[in-house]
Structures are given as structure tokens and as C-alpha cells.
Amino acid sequence: MIDIRLLRDNPDAVRASQRARGEDLDLVDAALAADARRRSSLAEFESRRAEQKAMGKQVAQATGDEKAALIGRTKQLAQEVKDHQAAVNEAEAELDELLFRIPNIVEGAPAGGEEDFVTVKAVGTPRDFAAEGFEPRDHLDLGEGLGAIDTQRGAKVSGSRFYFLTGVGARLELAILQAAMDKAVAEGFTPMITPTLVTPETMRGTGFLGEHSDEVYRLERDDLYLVGTSEVALAGYHGDEIIDLSDGPKRYAGWSACYRREAGSHGKDVRGIIRVHQFHKVEMFSYCSVDDAEAEHQRLLAWEEAMMAAVELPYRVIDTAAGDLGTSAARKFDCEAWLPTQQRYLELTSTSNCTTFQARRLNVRERAEHGTRTVATLNGTLGTTRWIVAILENHQQPDGSVRVPEGLRPYLGGLEVLEPVR
RNA sequence: GGAGACGUCGCAUAGUCUGGUCUAGUGCGCCACCCUGCUAAGGUGGUAACGGGGCAACCCGUUCGCGGGUUCAAAUCCCGCCGUCUCCGCCA
């Protein structure tokens, strides 16, 4: 949720953000009007209520006829209080509904849609397979050869976009995730294994139930949602708390399964395990002061890049355009690894600065000089199942074996090469 | 799944039976000052959040797990829900 004060004091800033995202501008004026209505009805209610309370004290002290007379007069007042209360509730609900639909204020992201990203940098050089004299195989081909990925049985058991990681495939995923966890712990993060089912309030608070609620699995019978990332649970972790950030940001590394319906992705990435309904991820999550958020975002990006280096992949960093940002994000950087068989870059990490947007909904604050203030939240990927795709393709050898990047060897018992089983 | 107990301003508690002086008391913790003078102890005062109004001092309102209801008036009475604990049942 955006800051209502910003909306009041500087509606043009909100309009500019909406424009950059390609979102509805009318929402801004509708919210302003609802806010004005709410405040005026609140003032009405409060003055009646103050009167009622004052008279209540007189009633308590009065006796006999005097008391009966007072009670007669307060009945009318009680009805008025009730009516005004209803008006306030109505105006408030309307305002909430409108505010909920306004995504976070963009901060520094390029304007435009999915194609309008800015490449921040490119690191490493994609291999020249032609020069090496062989045609690269795609990750599924390689994965099946290694006995690492089984999509056929995944579909048999659970339907399309499900898979089994088998043998060395399972080990490779664990290696990626453990390397990510170790990196996080080395950088001072608190490792966390998080719930993957959360309440509607938690899901709403993190901004995943707005425009993109189609992406989310819901268990109707229990009124719970399956998370698409541990960010959801980690953002809810300090919900309704006043936290102490005087020693710097609170950093958590969440390990969890992630579930996504992939409702809008029919026909996209259908082969292999690039886009699946369930995967695992190690996610960095940081609560920090607003003033420190931009610097923290750069730190998260740097840690992601360190992981990219550890798995020895050529990649680029992109600054995502406003129209392609999530609801909660003010700015987002992705690390995309080169995918040789598709001659394109594939998103492996994504780090978002959500500024105060999530924290305001979830009511996470810190002590300030006067009272409290909402903190900023940030998140970023440190390792996922999808990394297997890029690792297999980029480190493949002519015989279908795959070289294990040095950063992962300690997690695979020193294994240097994954050998085909057939 | 069943039964019971509980949920109060950081923590611990009083208040609920018997609705109104609860403007929610007390202890601990924390902050400031004072006294004292050194392994300390004591005194005084202050210490919730949110919203509205105001240049400000301040004023008003909301919040006693959440949501309804009764009433002139609800921490207190009624209903529903959520959570915690104990016991029982079932199951891995």
C-alpha cells in the first residue's frame, strides 16, 4: 500500500508512477476523493462520539428524574453516532479498496513495458559451440541423459509442468540451494525454513493478491494460499511488529518450495523445467530503514552476482522497466544467464526494492525520533531449481557429460563431472 | 475431531462474577532528573499504538485477540470466529 500522505501531499508523484507503469490514472483522483469523504465523515463521527461520552458521564452521576431525562436525550445521540460510524466504515472500505489497487511508486526504473529494460552490464562470455565443433543440447536432453530430470513421470503423477529430479539431478538442486544458504549465512543472514501455506491476510499484505492473483494456488477448504516464494512468509514474519534496526538491516534467507499456477503462460517454456508449478528457492529478505533501502538493494544484487560467479555462468544484469515490475516493487534488477540452445537470456535471479509498500500493509515499523515509521523491505534470489537449466546447458561437453562448476563441487562430494547414464 | 481453561498499553499481572469515578491500576523493564558515593542502593517524574484537527503547546477519537450484537453507556453481558495451553480421541 502506498503512503496516503504522499497521495494527499503530492498526487502528481503518484500519477507519474502510474503513467510509467501504464496503469490507471483515474484511480488517483478516485482515491483522493474517497480520502476526503472519509475524513469529513470521521470528523462528524468523532464530535458526536465525544458528546456522547461526555453525556455518559453525567448519566452515571445523575439519579432519579434527572437521570431519566438525560437518558431520553442520549438516545437520539446514540442513533446519530451509529449512523456516522456506518458512514465512516463505508468511506474507509472504499478508500482501502482503491488504495489496494495502486501499485508501489516507481523509483528510478525505466519507463515502459517488458521490452524496455535497460541492460546494466554483461558479465562473462557465452561459449562458442560452433568453434568447439558441436551442437549444444538443451537442458532436458542433457538432464535425461544424466538421469537427472524426468518430466514424463512428473506429468503422469501430477500433470503438466511437474517433474522429478532424480539421482544427480536431485543432488544438483540440493547443491545449489546449500551453496546459496552457505553464502547467505556467511554474509550474516539468518537461515529460515518457512511455511509454504499462508493466510489470506499474509498473502494480501505482500501484494500477491492484486492483479496477479491468478498465479496463486488457493486451498479453498482451509482458506490458505500456497506461496510462490518464501518472500511471503518472511515479509509476514515481522508483521504487526516494531522492530529494532539500529544495528543495521534484519536479513533472512528463506528456503522453501514455491508454487505457481503459471496461468498466463500457456505455450511458453513448455519443454523441460524452465517454467514449472513447483520448485525450490533460497531467497534473501531484508528489512531496513527507508534511507538505507537503495544501498541494500545494491548489496542484494552484489550477493546474487557472487552466486552467478560461483556457478560460472555468463549473465547480464537488467534494470526492469516500470511496466514489468511486480505490484510491490519500486525497482527490480534481474540476473539473466545465457541459454545457448535458445540464444537468449533466462532470468535466474530477481531482486526487488519494495520500499515501504509491503511493510505498510503488513504493519512493520521501527522507532523513529518521533514515534514510529514504516520500514523498507527488499528481496532477492540466491538460488533456485531453474539454475539447473543454465548450468547443464552452459557446462555441457560433447559426450553429454556436464562439468560441475567449482563453487558447487563441495556440495556434490567433490564430483567434477556429471556423467551420462545412457 | 471432542472437552475445558485462557487471550488486558514491551514483559508479568489487577480489573470481568455485580456494565458507568477504567481518564485501564500495580510490579518489572526502559528514559530523565535528584540524592548518595562506588560489586551498590534509594527518591521523583515520565514511559502503548493508530487516526483526525492545530504553526505549536495541545485537543479529540479509536484500540483490552478479531468481528457482530444488547444498552443511554461494554475490558465487563450475549453470539460467532481466531489463537495459545491442558486433557481425550484419531493418525504419521
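What you are looking at is a predicted structure, and each value in this text was computed from that prediction instead of being measured. In the text below, chain A, chain B and the rest are named by the order of the sequence lines, each starting its count at 1.
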Asks: Which part of the nucleic acid does A:Arg5 contact within heavy-atom distance under 4.0 Å: base, sugar-phosphate only, or nothing?
Replies: sugar-phosphate

Asks: Applying a 4.0 Å non-hydrogen cut-off, can you work out what A:Ala50 is touching in the nucleic acid: base, sugar-phosphate, or nothing?
Replies: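 Answer is sugar-phosphate: A:Ala50 comes under 4.0 Å of backbone atoms only.
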
Asks: Crowded around A:Arg153 CZ? As in, over 12 foreign heavy atoms under 6.0 Å?
Replies: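 It does not: A:Arg153 CZ has 12 such atoms or fewer within range.
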
Asks: Would you measure the distance from the P atom in B:U13 across to the matching atom in B:G7 and give it in whole Å?
Replies: 10 Å

Asks: So if I take every side-chain heavy atom of A:Lys82 and compare against B:U70, B:G53, B:G61, which nucleotide ends up nearest?
Replies: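 Looking only at side-chain atoms, A:Lys82 lies closest to B:U70.
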
Asks: Would you indicate what A:Gln52 reaches in the nucleic acid, counting non-hydrogen atoms under 4.0 angstrom: base, sugar-phosphate, or nothing?
Replies: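 Here A:Gln52 touches the backbone only, sparing every base.
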
Asks: Counting Watson-Crick and G-U wobble pairs only, both distances under 3.5 Å, name the nucleotide matched with B:C55, or none.
Replies: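 B:C55 is paired with nothing.
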
Asks: Which base sits across from B:C22 as a Watson-Crick or G-U pair, both distances under 3.5 Å?
Replies: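 Check on B:C22: unpaired, no WC or wobble geometry under 3.5 Å.
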
Asks: Hey, are A:Asn104 and A:Ser328 close enough side-chain-wise for a donor-acceptor pair under 3.5 Å?
Replies: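 No.
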
Asks: Which listed nucleotide (B:G52, B:A49, B:A74) is nearest to the side chain of A:Arg49?
Replies: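 Per side-chain heavy atoms of A:Arg49, the pick is B:A74.
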
Asks: From CG of A:Asn89 over to P of B:U63, roughly how many Å is that when rounded to an integer?
Replies: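 In whole Å, B:U63 P lies 11 Å from A:Asn89 CG.
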
Asks: Say we look at B:A75 and B:G65: how far apart would their P atoms be, to the nearest angstrom?
Replies: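 To the nearest whole Å, 10 Å.
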
Asks: Now, which nucleotide makes the Watson-Crick or G-U wobble pair with B:G27, with each of the two distances under 3.5 Å?
Replies: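 Check on B:G27: paired to B:C11, both distances under 3.5 Å.
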
Asks: Please report, rounded to the nearest Å, how far the P atom of B:G61 is from the CG atom of A:Leu77.
Replies: 13 Å

Asks: How far, in whole Å, is B:C79 from B:U70 if one measures between their C1' atoms?
Replies: 11 Å

Asks: Between B:G46 and B:C55, how far is it from one C1' atom to the other, in whole Å?
Replies: 26 Å

Asks: Between B:C72, B:U62, B:A48, which nucleotide gets closest to the side-chain atoms of A:Lys75?
Replies: B:C72

Asks: Using a 6.0 Å distance limit plus a 45 degree cone around the ring axis, check whether A:Arg204 lies over the aromatic ring of A:Phe100.
Replies: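 Yes, cation above the ring, under 6.0 Å and within 45°.
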
Asks: Which nucleotide, if any, forms a Watson-Crick or G-U wobble pair with B:U76, using both distances under 3.5 Å?
Replies: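 The answer is none; no pair meets the criterion.
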
Asks: P atom, B:A5 versus B:A41: distance in rounded Å?
Replies: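 Per the computed distance, 43 Å lies between those P atoms.
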
Asks: Report the C-alpha distance between A:Val276 and A:Thr385 in whole Å, list the side-chain angles of each, state the deciding distance to 0.1 Å, and finish with yes or no for side chain to side chain contact (heavy atoms under 4.5 Å, CB included).
Replies: CA-CA 10 Å; A:Val276 290; A:Thr385 308; 5.9 Å; no

Asks: Does B:C81 have a Watson-Crick or wobble partner in any strand here, with both distances under 3.5 angstrom, and which is it?
Replies: B:G65

Asks: So what does A:Arg8 touch, heavy atoms closer than 4.0 Å: a base, only the sugar-phosphate, or nothing?
Replies: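 Sugar-phosphate only.
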
Asks: What's the gap between B:A74 and B:C17 when it is taken at their P atoms, as a whole Å value?
Replies: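 Looking at atom P only, B:A74 and B:C17 are 14 Å apart.
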
Asks: Identify the nucleotide, in any strand shown, that forms a Watson-Crick or G-U wobble pair with B:A3, with both distances under 3.5 Å; if there is none, say none.
Replies: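 Here B:A3 is engaged in a pair, and the nucleotide opposite it is B:U86.
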
Asks: When the distance from CZ of A:Arg367 to C1' of B:U47 is rounded to whole Å, what number comes out?
Replies: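 Distance, rounded to whole Å: 10 Å.
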
Asks: Could you point out which residue of A:Thr355, A:Thr356, A:Leu362, A:Asn363 forms a side chain to side chain contact (heavy atoms under 4.5 Å, CB included) with A:Thr374?
Replies: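 Testing each of A:Thr355, A:Thr356, A:Leu362, A:Asn363 against A:Thr374, the sole residue satisfying side chain to side chain contact (heavy atoms under 4.5 Å, CB included) is A:Thr356.
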
Asks: A:Glu46 side chain: which of B:G51, B:A49, B:U62 is closest?
Replies: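 Per side-chain heavy atoms of A:Glu46, the pick is B:G51.
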
Asks: Any side-chain N or O of A:Arg39 less than 4.0 Å from the OP1 or OP2 oxygen of B:G53?
Replies: yes

Asks: Among B:C72, B:U62, B:C50, which nucleotide sits nearest the side chain of A:Thr74?
Replies: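 Selected nucleotide (nearest to the side chain): B:C72.
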
Asks: Taking only the side-chain nitrogens and oxygens of A:Lys53, find out if one of them lies under 4.0 Å from OP1 or OP2 of B:A74.
Replies: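 False: A:Lys53 side-chain N/O out of range (4.0 Å or more) of B:A74 OP1/OP2.
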
Asks: May I ask which nucleotide in the shown strands pairs with B:G37, Watson-Crick or G-U wobble, both distances under 3.5 Å?
Replies: none

Asks: Quantified in whole Å, what is the C1' atom distance between nucleotide B:G37 and nucleotide B:U47?
Replies: 28 Å

Asks: Does the side chain of A:Arg365 get closer than 4.0 angstrom to OP1 or OP2 of B:C50 through an N or O atom?
Replies: yes

Asks: Say you pick atom P in B:G83 and the same atom in B:C66; how far apart are they, in whole Å?
Replies: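 Roughly 15 Å separates the two P atoms.
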
